[in-house]
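A short write-up of the structure that comes next.
Order of the sequence lines sets the chain letters (A, B, ...), proteins ahead of strands, with each chain counted from 1.
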2 protein chains.
Amino acid sequence: MSRILLVDDDTQLLRALRINLSARGYDVLTAADGGTALTLAARTPPDLVIIDLGLPDLDGVTVVEGLRGWTRTPIIVLSAREAEAAKVAALDAGADDYVTKPFGMDELLARVRAALRRATAHDAGPAALTTRDFTVDLAARRVTTAAGAEIRLTPTEWHLLEILARHPGKLVGHRHLLHEVWGPAYDTETNYLRVHFANLRRKLEPDSAAPRYIRTEPGLGYRLTPD
Amino acid sequence: MSRILLVDDDTQLLRALRINLSARGYDVLTAADGGTALTLAARTPPDLVIIDLGLPDLDGVTVVEGLRGWTRTPIIVLSAREAEAAKVAALDAGADDYVTKPFGMDELLARVRAALRRATAHDAGPAALTTRDFTVDLAARRVTTAAGAEIRLTPTEWHLLEILARHPGKLVGHRHLLHEVWGPAYDTETNYLRVHFANLRRKLEPDSAAPRYIRTEPGLGYRLTPD
DNA sequence: GTACGGCGTGAAGAACGCGTCAAGATCACC
DNA sequence: GGTGATCTTGACGCGTTCTTCACGCCGTAC
């Protein structure tokens, strides 16, 4: 799991945080002042740093700058200071987030999750919808077969598929589809939907006569079922 | 500069934010409800989203989930709700930050800077893109053949190629390309794209009649496929 | 049984987007 | 002030895509 470096001279708070973070499965390192924080971070690089602004030796902002000199590890700053200038200074020094004391533990944990998610999202796959027979890559705007071959779609076909793919499993009404693709003036042209979905099925469905993914809800609309 | 999508039904606040952000050189889009926010974001992808939780049509968290279905654009949530549960829900839905109203403008701007800084440092991507026939060196602004000979590109050609190379494999829309190279006033001049991409293909593609790397997606845009 | 509405097909012409070429216009550089 | 490169603009042919219509099928209602 992720390693978190905790920097604070308030032993009470340090203890509380350590317990809560450890309980969530995080690997926790602690430092009571800025100097040891910097050397510790250099020796065993953490995945995230939580740092209090009020340290005995260095200013918290200085520590943030020190870290930012060589790493982009997420940094969450804790502080009792409400002053806006302090927040701006810390954020501009390179901090990712600024939490004012007193804070709720759940909130801090959520912010920790958000920061870590961002940092690791790097390696995560692209936003896509996958079925047994094809993959809809929404980010790249591309559809590929399970084997990896590209499926060519016309603009209208893609547009329709995109709308369904953004609401997987959900029913999308005729009006919504027509509105989105053709505009408000085409609310009644359900003909268009039939023609284009027929073409889509021919390209995507293994057996377009018995659609498995692009389902018709008679009188209502269409639905894309991932599996 | 960066494009920011602002979602709020409070016209007062919307106006204040728009003015402040525009003054900092950001390109600001606005939406008054969740539905238009989602379609707007899909049509012209923003670099950052600021969204109020209390919207007339959809719950803010729903909008965050809708965006996270296909993009990792930073999202800053605004809300009058102090409740910790609301913060946790929004952050876990994929939001990057949560700011409680009333907030200081300077703080929000600092958080915007922090979010954008992260995202662009992140997106920097690879410094070069290599195919079997040529190499695009983004750092050196140079294109060379596989043999190492330099390929001379005009400024416009380079600009177009650079945009494609920064999003390898992804479809880049007409509007995005025109916006980036010629500015907002040239949204409909797809003619330019055809001419310049034809020239690019003549210089890069082994057989410009059957393009292998610079692919056309009719009606949508272009795509650079490394192999 | 029959009429009807909704759906899926197929095929036609119209409309559109694309690549190409070539001729000015513009710009940078000498 | 001239020269070459680059960008803009318009026109053309071609292939693709969209629209439109007609037809057959299948349920349900009567």
Side-chain angles (χ1 to χ4, degrees), chain A residues 141 143 150-164 171-183 185-224, chain B residues 141 143 150-164 171-183 185-224:
Chain A
R141 289 205 163 196
V143 186
E150 180 168 356
I151 301 177
R152 278 179 43 83
L153 297 185
T154 71
T156 312
E157 285 162 11
W158 169 258
H159 206 160
L160 287 171
L161 181 62
E162 185 184 19
I163 298 171
L164 291 190
L171 170 68
V172 185
H174 290 147
R175 200 190 324 256
H176 185 217
L177 290 165
L178 289 165
H179 218 84
E180 197 80 21
V181 177
W182 284 275
Y186 292 76
D187 270 4
T188 58
E189 301 282 355
T190 55
N191 238 322
Y192 293 8
L193 297 178
R194 291 206 292 277
V195 173
H196 289 288
F197 274 118
N199 293 331
L200 258 177
R201 280 174 175 148
R202 263 192 281 278
K203 293 182 180 179
L204 297 180
E205 295 276 359
D207 177 11
S208 64
R212 194 171 153 186
Y213 304 112
I214 301 176
R215 293 269 176 87
T216 299
E217 302 286 341
L220 299 173
Y222 293 82
R223 178 200 309 276
L224 182 61
Chain B
R141 293 209 155 207
V143 187
E150 179 167 358
I151 302 176
R152 278 181 45 81
L153 297 184
T154 71
T156 311
E157 286 161 11
W158 170 258
H159 206 161
L160 287 171
L161 182 63
E162 184 183 17
I163 299 171
L164 292 189
L171 170 69
V172 186
H174 291 146
R175 199 169 334 227
H176 186 220
L177 290 165
L178 289 165
H179 220 85
E180 198 80 20
V181 177
W182 284 274
Y186 293 76
D187 269 5
T188 59
E189 301 282 355
T190 55
N191 240 322
Y192 293 9
L193 297 178
R194 292 205 291 275
V195 173
H196 289 288
F197 275 118
N199 293 331
L200 259 177
R201 280 175 175 147
R202 264 191 279 277
K203 294 182 181 179
L204 297 179
E205 295 276 358
D207 176 11
S208 64
R212 194 172 152 184
Y213 304 112
I214 301 177
R215 290 265 176 89
T216 298
E217 301 286 342
L220 298 173
Y222 292 82
R223 178 200 309 279
L224 182 60

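- Atom CZ of Phe197(B) is separated from atom C1' of dT8(D) by 17 Å (rounded to the nearest Å).
- Nucleotide dT9(C) holds its P atom 12 Å from the CG atom of Leu200(A), rounded to whole Å.
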Solution key, residues 194-201 of chain B side-chain donor-acceptor pairs under 3.5 Å, sequence neighbours excluded:
residue   : atom : partner   : partner atom : Å
Arg194(B) : NH2  : Asn191(B) : OD1          : 3.2
Asn199(B) : OD1  : Arg202(B) : NH2          : 3.1
Asn199(B) : ND2  : Val195(B) : O            : 3.4
Arg201(B) : NE   : Ile214(B) : O            : 3.2
Arg201(B) : NH2  : Ile214(B) : O            : 2.8
Arg201(B) : NH2  : Thr216(B) : OG1          : 2.6

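- Between the CH2 atom of Trp158(B) and the P atom of dA5(D) there is a distance of 21 Å, rounded to whole Å.
- Applying the side-chain hydrogen bond (donor to acceptor under 3.5 Å, both in side chains) rule to His179(A) yields the partners Asp187(A); only residues at least two apart in sequence or on another chain are considered.
- Counting heavy atoms of neighbouring residues, nucleotides and ligands inside a 6.0 Å radius, atom CZ of Arg175(A) does not exceed 12 of them.
- Between Arg202(B) atom CZ and dG19(C) atom C1' the separation is 9 Å, expressed in whole Å.
- At distances below 3.5 Å, at least one donor-acceptor pair connects side-chain atoms of Glu205(A) with backbone N or O atoms of Arg212(A).
- When the C1' atoms of four end pairs are superposed on the next four at each end of the helix from dG1(C)-dC30(D) to dC30(C)-dG1(D), using five pairs per end, the two resulting axes differ in direction by 40°, to 10°.
- Separating the CG atom of Leu193(B) from the P atom of dG17(C) is a distance of 13 Å, rounded to the nearest angstrom.
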*Do nucleotides 9-30 of chain D as a string where each nucleotide becomes B, S or -: B if the base has a protein heavy atom under 4.0 Å, S if just the sugar-phosphate does, - if no protein is that close.*
B-------SSBB----------
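- At dG8(C), one or more side-chain N or O atoms of Thr216(A) fall inside 4.0 Å of OP1 or OP2 (strictly under the cut-off).
- By the salt bridge (Lys or Arg N to Asp or Glu O under 4.0 Å) test, Glu162(B) is found to be paired with Arg141(B), Arg166(B), residues two or more places apart in sequence or in another chain being considered.
- In this view, Glu180(A) satisfies the salt bridge (Lys or Arg N to Asp or Glu O under 4.0 Å) rule with no residue, not counting sequence neighbours.
- Between the CZ atom of Arg175(B) and the P atom of dG17(C) there is a distance of 12 Å, given to the nearest Å.
- Heavy atoms only, all atoms of each residue included: Gly219(B) and Pro155(A) are closest at CA-CG, 3.9 Å.
- Val143(A) places none of its side-chain heavy atoms less than 4.5 Å from the side chain of Lys203(A).
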